[in-house]
Amino acid sequence: MPRYELCLILKAMQRPEVAAVLRRTVETMFERGAIVRGLDNLGERRLPYKISKHDCRHSQGGYFSIDFHSSPNIISGLLEHLERDIDVLRPTVLKKDIEISKAQCCGSSPEKPKQASLQ
């Protein structure tokens with residue numbers, strides 16, 4: 001299963017409400033067959049521009065990142081579900097690349113650099 005990152009911007013709320021939204025989101029992911037690897041709170045901050053969602057204008061938001069593995073088939077349904085959630089301002093799913101070792105990145109044959117001769 002590919003690895004994804006779900007980036008969420010939630011409306012500004014108190015800690016218990018934020019915990020309830022995150023619990024609801026992760027449970028939805030579990031129901032759809034995703035395997036959650038990590039959850040990061042990136043903090044609450046001012047939005048770069050005001051976001052109108054569900055008849056409200058928001059200027060503050062909480063940023064969260066959820067690292068997960070899932071089938072590509074569930075991504076569109078998950079995004080539709082999150083778009084309907086009144087507490088989620090902006091859901092975005094990014095596919096994470098497979099980490100490449102330095103040997104694969106710079107070439108498979110480890111050659112020594114050639115030194116210039118002074119002749």
Participant: To the nearest 0.5 angstrom, please state how far the SG atom of Cys7 sits from the CG atom of Leu42.
Facilitator: 7.5 Å
Participant: Are Phe30 and Leu78 connected in a single hydrophobic cluster, I mean Ile/Leu/Val/Met/Phe/Trp/Tyr linked by side-chain heavy atoms less than 4.5 Å apart?
Facilitator: yes
Participant: Taking a hydrophobic cluster as the set of Ile, Leu, Val, Met, Phe, Trp and Tyr residues connected by side-chain heavy atoms closer than 4.5 Å, whether directly or through intermediates, do Val36 and Ile75 fall within one such cluster?
Facilitator: yes
Participant: On a heavy-atom basis, which atom in Ser71 and which in Met1 lie closest, and how many Å separate them?
Facilitator: N-SD, 3.8 Å
Participant: Side-chain contact test, heavy atoms from C-beta onward, threshold under 4.5 Å: evaluate it for Arg32 versus Ser70 and give yes or no.
Facilitator: no
Participant: Side-chain heavy atoms nearer than 4.5 Å, only ILVMFWY residues, links allowed to pass through others: does that put Val88 and Val18 together?
Facilitator: yes
Participant: Drop me the distance from Phe64's CZ to Ile9's CD1, to the nearest 0.5 angstrom.
Facilitator: 11.0 Å
Participant: When rounded to the nearest 0.5 angstrom, what is the spacing between NZ in Lys11 and CG in Leu47?
Facilitator: 13.0 Å
Participant: Among Glu44, Arg45, Lys50, which residue satisfies the side chain to side chain contact (heavy atoms under 4.5 Å, CB included) criterion with Gln60?
Facilitator: Glu44
Participant: Mind checking the NE2-CG spacing from His54 to Asp87? Nearest 0.5 Å is all I need.
Facilitator: 8.5 Å
Participant: Pick out which of Val21, Leu22, Val26 makes a side chain to side chain contact (heavy atoms under 4.5 Å, CB included) with Arg24.
Facilitator: Val21
Participant: Can you name the closest pair of heavy atoms from Ala34 and Ile74 and give their distance?
Facilitator: CB-CD1, 4.2 Å
Participant: Report the distance from atom CZ of Arg37 to atom NZ of Lys96, rounding to the nearest 0.5 Å.
Facilitator: 11.5 Å
Participant: Any chain of hydrophobic side-chain contacts (each under 4.5 Å) joining Ile51 to Tyr63?
Facilitator: yes
Participant: Are Met29 and Tyr4 connected in the hydrophobic side-chain network, where two residues link if heavy atoms are under 4.5 Å apart?
Facilitator: yes
Participant: For Phe68 versus Val93, what's the shortest heavy-atom pair and its separation?
Facilitator: CZ-CG1, 4.4 Å
Participant: Salt bridge (charged side-chain N to carboxylate O under 4.0 Å, His left out) for Lys53 and Glu83? Distances and angles first, verdict last.
Facilitator: CA-CA 9 Å; Lys53 194 76 169 198; Glu83 286 287 342; 2.7 Å; yes
Participant: Among Asp40, Leu6, Leu94, find the one that has a side chain to side chain contact (heavy atoms under 4.5 Å, CB included) with Ser65.
Facilitator: Asp40
Participant: Distance from Leu39 atom CG to Leu8 atom CG, nearest 0.5 Å?
Facilitator: 9.0 Å
